[in-house]
Amino acid sequence: DRHMKTIADALLADLARALATAPPLRVKALHLPPVPWNGSKDGEFGALELTDGSLGLSYLLLDDSLAALAGGTQAQALAGADALQLAQAWRDGSGAARTLGFAAVNALSRHLFDRAGFVPPAATDSIAGLDPRPGEHIGMVGFFPPLVRQVTAHGARLTVLELRPDLAGEHGGYTVTLDPRALNDCDKVLCTSTALLNHTLDEVLANCRRASRIALIGPGAGCLPGALFRAGVTTLGGSWITDGPGLLQALRQGAPWSGCARKFTLHAAEGPGLP
């Protein structure tokens, strides 16, 4: 694997340390949206449920994970699995196994947040308070059309780093590139949590030498933040599930579930108070 996985190592070590004294947490079920993908944002995520009710979200459209999990026996075989062991597959596995492992990382993190009585502060916007200013050069890792306008509307310059060659080139008001080194010229960087799922985040951070702020955002950004903050991420912006049963019902029906969760923003500078 060409990708560094130091963040994955650190995050899994944090989880193992925090869970060391407790009995193993077990998986109750995996909840998937309808297959095939219905083209909506709500159909892109699945939820892993632990026996204590903790839920962890993961993006499902990498490596055809949704189709593989829906059609295979992996999902059925999960009940009763040791969630911490499953989480290792995020680092050590590929495809659907990696996706399941990532969902386990987020579910275990939620368990630990709840155990500590920690509730993250509500987000004030959908770009993690990045505050793009006129003349600033903003980097975006992963192309998110709804967020592009939020950056360019403030007069900031935008460079988007993508894996898809068909998107590369100059567009109205922004540039799409396949070269991570382009991030070295950016003042602030907005990164999708998919970079954490697929282990490209280490490489992204290695190319953010100038950035004063690096925000990791998305429904998959639900993990313990310590390892990310130590690696240079300054802000974590994820989805905090407020109505688990409601979210699962909506998710299985392919209906919008945003009403069952709220966006949160955690800043590294607010360190104390985190579990």
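Everything numeric here is computed off the predicted structure, so don't read it as measured data.
Because its NZ or CZ atom is not both nearer than 6.0 Å to the ring centre of Trp90 and within 45° of the ring axis, Lys5 does not count as a cation-pi partner of that residue.
Asp179 and Thr177 form no side-chain donor-acceptor contact under 3.5 Å, judged by distance and modelled atom types alone. Side-chain contact of Gln249 with Arg252: a donor-acceptor pair under 3.5 Å is absent, judged by distance alone. Side chain to side chain, Asn207 and Arg181 fail the donor-acceptor criterion of an N or O pair below 3.5 Å.
Using a 4.5 Å cut-off on side-chain heavy atoms (C-beta onward), Leu201 and Leu216 make contact. Counting only heavy atoms from C-beta outward, the side chains of Leu183 and Val141 approach each other to under 4.5 Å. Using a 4.5 Å cut-off on side-chain heavy atoms (C-beta onward), Thr159 and Met140 make no contact.
With Ser109 contributing its side chain and Leu224 its backbone, the two residues share a donor-acceptor pair below 3.5 Å.
Annotation for Lys188 and Leu130: closest pair NZ-O, 3.0 Å, computed over non-hydrogen atoms. Taking both residues in full, the closest heavy atoms of Ala128 and Ala215 are given as CB-CB, 3.8 Å, listed atom of the first, atom of the second, then distance.
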Do Trp240 and Phe113 pass the side-chain contact (heavy atoms from CB on, under 4.5 Å) test, and can you show the C-alpha distance, the side-chain angles, and the key distance before you say yes or no?
CA-CA 11 Å; Trp240 184 258; Phe113 285 138; 3.7 Å; yes
Kindly determine whether His137 and Asp187 satisfy side-chain hydrogen bond (donor to acceptor under 3.5 Å, both in side chains), including the steps that lead there.
CA-CA 5 Å; His137 188 186; Asp187 302 299; 5.8 Å; no
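Taking 4.0 Å as the cut-off between side-chain N and carboxylate O, Asp52 and Arg26 do not count as a salt-bridged pair. Salt bridge absent: Glu136 and Arg157 never bring a charged side-chain N and a carboxylate O closer than 4.0 Å.
Going from atom SG of Cys191 over to atom CG of Leu196 covers 8.5 Å, rounded to the nearest 0.5 Å.
Centroid-to-centroid, the aromatic rings of Tyr174 and Phe143 come within less than 6.0 Å.
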